[in-house]
Every structure is written in structure tokens, then in C-alpha cells.
Amino acid sequence: MNKHFLGDTAVLLGRSLRHIARSPDTIITTAIMPIAFMLLFVYVFGGAIETGSDSYVNYLLPGILLITIASGISYTAFRLFLDMQGGIFERFQSMPIARSSVLWAHVLTSLVANQISLVVVVLVALLMGFRTGTSLLGWLAVAGILVLFTLALTWIAVIPGLTAKSVDGASAFSYPLIFLPFVSSAFVPTASMPGPVRAFAEHQPVTAIVNAIRDVFAQKPVGSGIWTALAWCVGILVAAYLFANLTYRRKIS
């Protein structure tokens, strides 16, 4: 059964990746907005924002990486919606393939596309002056956090992709996720925020994840912060995965 599932997922993943390869503008579009935010905040607002960091691009990059992921997963919902409307799911049900492989192919496609977009954003940040002395292990830790965050948001994206009534509805859900980093420590320290806003910012997942990545890049002791970030990622991932699969079973039943 596992071998059957893996083989079916690999075939469907190849199908989705071919669609990405034929429209590379998807990845470019995903990266453009985060890069625009990075340019705007570093070169326009950066001089007026006090973060306690020598380089504002170093402070900013972790939040920009999360915005990149939030921007990219809207395409997962979009592609799922098109498959639902085009009758692809009904066709797959008539074939001897593992049902869960259809969703996993879309999820893994999102993971691959988002990792490429993240690399593009990091390369632009390096051109803008981003520097880190972290080790290979540190880079792997950051990559691991970003992979978990991508999977968590992608499984959230599966839900509107399966249930939306229109293309706009399938993609629009990502807008709150894109702007969530603005009410966190991604752009400014939370200490500068008014009381209620600060309380929300300090206890939402983006702040924990951004702070953990920032500490790794700055070679600071991460302490319990990285475990808080991982707990948020895993908790969201498990909840989204269960709800998305429940929604999928109801749609195809």
C-alpha cells in the first residue's frame, strides 16, 4: 500500500511540476511582492526604524521569508480549485490510484515551488547586504523551520482550494496570512507597539518563528524560542492536515 501511494504521488507530482515548469511566472510572481516589501522597508523606511540591529535587512529577512511562503501557497489553492472545477478529481477516482496521493502531489508541488522562491529572495537579500555567520547546521535549522511552515500553510490552502466557489475565493484566503507578519516582530520590535497590539504580536506564531530564525542567523542562543516556533509549526500542520483530509473525504464521497 505504501509503495502504491508513493508511486502514485510521484506520478502526480511530476504532472504538477510540469505545469509549474511551463509557467515559471508563478514562481517569479510569488517572489516579486516579498522582494518589493524588502526593497521598500530597507531603502525607504529602514533608516527611520530602530531595531537594535546593525543591519536592517538582517533584521527584516526572516519576516520576508514567511511572507514569501504565505504569498506562494495561494497558488496551491488556485491549482486545486481548477482541478476540482475541471473534473480531474472525478477522473482520478475512476482510476486505481491512492486517493490521498492527489492532495499530496499538490502539497509537495507547493513545497518545491516555495523553496525555489525562498532561494530567490535570499539571493536578493544577499545583494542588498544581508550577511550571516551561521554554520551549515544553522542554515539547515532555518530550512527545516521554513519547510514545516510551508507544509502547515499549504495544508491550510488545501481547504479553500477544495471548498471555494470561485477562483478569487480560492486565492483570497492568503491575504490575511500575508499581512499577519506586519503585526509581529517581523518589521519592528514588539516593544514599540501599543499594549493590546503588542500582546497579540507577542503571542502569535509569526513572532515566535521570526525570532527563532533571526536568532539562528545572528548566532544567538535560541533557548526555548526555537521549540515554541516548532510547536506552532507542527500544531498548525497537524490541525490543517486533519481538517483538509476531512474536507477532501466529504467532497469525494
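Between Arg79 atom CZ and Ser74 atom OG the span is 9.0 Å, to the nearest 0.5 Å. In this structure, CD1 on Ile73 lies 13.0 Å from CG on Leu111, to the nearest 0.5 angstrom. Note that CD1 of Ile64 and CG of Leu118 are 11.5 Å apart. Values are rounded to the nearest 0.5 Å. Atom CD1 of Ile159 is separated from atom CG of Leu80 by 11.0 Å, given to the nearest 0.5 angstrom. Once rounded to the nearest 0.5 Å, the distance linking OG of Ser184 with CZ of Phe179 reads 13.0 Å. Note: Phe45 CZ to Leu40 CG = 4.5 Å, rounded to the nearest 0.5 Å.
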Item to complete: Begin with the C-alpha distance, continue with both residues' side-chain angles, and end with the deciding distance and a verdict on side-chain contact (heavy atoms from CB on, under 4.5 Å) for Leu237 and Trp155.
Response: CA-CA 7 Å; Leu237 171 57; Trp155 279 108; 3.5 Å; yes

Discussion item. I'd like to know whether Leu177 forms a side-chain contact (heavy atoms from CB on, under 4.5 Å) with Leu153, so could you lay out the CA-CA distance, the side-chain angles of the two residues, the decisive distance to 0.1 Å, and finally the verdict.
Written reply: CA-CA 9 Å; Leu177 299 178; Leu153 291 198; 4.3 Å; yes

Item to complete: Any chance you could lay out the side chain to side chain donor-acceptor pair (under 3.5 Å) test for Thr150 and Asn114, step after step, and finish with the verdict?
Response: CA-CA 7 Å; Thr150 303; Asn114 275 290; 5.5 Å; no

Discussion item. Evaluate Thr109 against Thr76 for side-chain contact (heavy atoms from CB on, under 4.5 Å), listing each step before the verdict.
Written reply: CA-CA 8 Å; Thr109 300; Thr76 301; over 6 Å; no

Practice prompt. Begin from the C-alpha positions of Leu242 and Val238 and carry the test side-chain contact (heavy atoms from CB on, under 4.5 Å) through to its verdict.
Written response: CA-CA 6 Å; Leu242 292 175; Val238 171; 4.0 Å; yes

Discussion item. Set out, in order, the CA-CA distance, both residues' side-chain angles and the distance that settles side chain to side chain donor-acceptor pair (under 3.5 Å) for Thr207 and Glu202, then state yes or no.
Written reply: CA-CA 6 Å; Thr207 292; Glu202 290 180 345; over 6 Å; no

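Proximity of Thr247 to Thr163: side-chain heavy atoms (C-beta onward) are separated by under 4.5 Å at one or more points. Side chains of Asn245 and Val158 form no contact here, defined as non-hydrogen atoms less than 4.5 Å apart. Contact check for Leu126 versus Arg131: side-chain heavy atoms found under the 4.5 Å cut-off. Under the 4.5 Å side-chain criterion, counting only non-hydrogen atoms from C-beta, Met128 is in contact with Tyr43. Looking only at side-chain heavy atoms (C-beta outward), Leu151 and Val107 come within less than 4.5 Å of each other. Counting heavy atoms from C-beta on, the side chains of Leu61 and Thr132 never come closer than 4.5 Å. Annotation: side chain of Thr154 is not in contact with side chain of His106 (no heavy-atom distance under 4.5 Å). You'll find the side chain of Thr68 stays beyond 4.5 Å of the side chain of Met33, heavy atoms only.
For the side chain to side chain contact (heavy atoms under 4.5 Å, CB included) with Gln115, the lone residue among Val120, Ile69, Val147 that qualifies is Val147.
The shortest heavy-atom contact between Ala157 and Ala77 is O-CB, 3.4 Å. Counting all heavy atoms, side chain and backbone alike, Ala186 lies closest to Pro181 at CB-O, 3.4 Å. Between Ile209 and Ala229, the closest heavy-atom pair is CA-CB, 3.8 Å. Here the shortest heavy-atom pairing between Ile145 and Ala212 reads CD1-CB, 4.4 Å. When every heavy atom of Ala208 is checked against every heavy atom of Thr228, the shortest pair comes out as CB-CG2, 3.9 Å. Listed here is the closest heavy atom pair of Leu162 and Ala244: CD1-O, 4.0 Å.
Note: the hydrophobic cluster containing Val121 does not contain Leu140 (ILVMFWY, side chain heavy atoms under 4.5 Å, direct or indirect links). A continuous path of Ile, Leu, Val, Met, Phe, Trp and Tyr side chains, each step under 4.5 Å between heavy atoms, connects Leu123 with Ile35, placing both in one hydrophobic cluster. Note on Trp104: it does not cluster hydrophobically with Leu246, by side-chain heavy-atom contacts below 4.5 Å among ILVMFWY residues. In the hydrophobic clustering of this structure, Val44 groups with Met38; members are Ile, Leu, Val, Met, Phe, Trp, Tyr whose side-chain heavy atoms approach within less than 4.5 Å, directly or through other members.
Within the 3.5 Å criterion, the main-chain N or O of Met193 finds no donor-acceptor partner in the side chain of Arg198. The closest donor-acceptor contact from the side chain of Gln204 to the backbone of Leu180 lies under 3.5 Å.
Checked against a 6.0 Å centroid threshold, the rings of Trp232 and Phe149 do not count as neighbours. The ring of Phe187 has its center closer than 6.0 angstrom to the ring center of Phe182.
Within a 6.0 Å sphere centred on CZ of Phe243, heavy atoms belonging to other residues, nucleotides or ligands number 12 at most. Within a 6.0 Å radius of CZ in Phe78, other residues, nucleotides and ligands contribute 12 heavy atoms or fewer. The local environment of CH2 in Trp227 is sparse, with at most 12 non-hydrogen atoms from other residues, nucleotides or ligands closer than 6.0 Å.
Between the side chains of Thr134 and Gln219, no donor-acceptor pair is found at a separation under 3.5 Å.
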